[in-house]
Amino acid sequence: MEGASFITPLQLWSTIGGINDTQTQGAMAANAEATLFKDIFKNAIDEVKTTQYDVEHKQYLLATGQLDDAHTLPIAEAKAALSLDVLISLRNKAVESYNELNKMNV
C-alpha cells in the first residue's frame, strides 16, 4: 500500500454560511425552485389581469368618447388575448409535466 499513499480521501466542501447538511441544502434548492416556478405563474396571472383591466378601461373611454385614438383598443385586446394564451400554454405544459411525472415508476 506504499504506492497508494498519494491518494487523499474526499472532503465535503463548505457552503455559504457553513451549512453542511445535504438535506437542508436540498430543501433550500427545492424551495428556491418552487418559488421560481410560483413566481412565473404569478407574473403570468398578473399580466393577464393588467392587460384585461387595460382593455376594460379603454372600452370605457371609447364608449364615453374620451378615447382620442380608437386603434389603441384593438391593440390592447390583442395584448390581452396573447397574455391569456401564454398563461393557458403555461398551465397546459405544467399539467402535462405533472402527468408525465405521475406515470414514472420509482
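Please read all numbers here as calculations on a predicted model, not as lab measurements.
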Trainee: Which atom pairs, donor and acceptor, lie under 3.5 Å between side-chain atoms of residues 64-76 and protein residues at least two apart or in another chain?
Mentor:
from, atom 1, to, atom 2, distance (Å)
T64, OG1, Y60, O, 3.0
T64, OG1, L61, O, 3.2
T72, OG1, D69, O, 3.0

Trainee: Going by the salt bridge (Lys or Arg N to Asp or Glu O under 4.0 Å) test, which pairs reach into residues 47-64, not counting sequence neighbours?
Mentor: D54-K58

Trainee: Can you list everything that forms a ring pair (Phe, Tyr, Trp, His ring centres under 6.0 Å) with Y53? Sequence neighbours excluded, please.
Mentor: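 None.
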
Trainee: Let me check something: any side-chain donor-acceptor pairs from residues 84-99 under 3.5 Å, sequence neighbours excluded? List them with distances.
Mentor:
from, atom 1, to, atom 2, distance (Å)
S89, OG, D85, O, 3.0
N92, ND2, I88, O, 3.4
S97, OG, K93, O, 2.9
N99, ND2, V95, O, 3.3

Trainee: Under the rule for salt bridge (charged side-chain N to carboxylate O under 4.0 Å, His left out), what residues qualify as partners of K79, not counting sequence neighbours?
Mentor: none

Trainee: Just jot down the salt bridge (charged side-chain N to carboxylate O under 4.0 Å, His left out) partners of K103, sequence neighbours excluded, or say none.
Mentor: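 K103 satisfies salt bridge (charged side-chain N to carboxylate O under 4.0 Å, His left out) with E100 only.
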
Trainee: Which atom names give the shortest non-hydrogen contact between S83 and V48, and what distance separates them?
Mentor: O-CG2, 3.5 Å

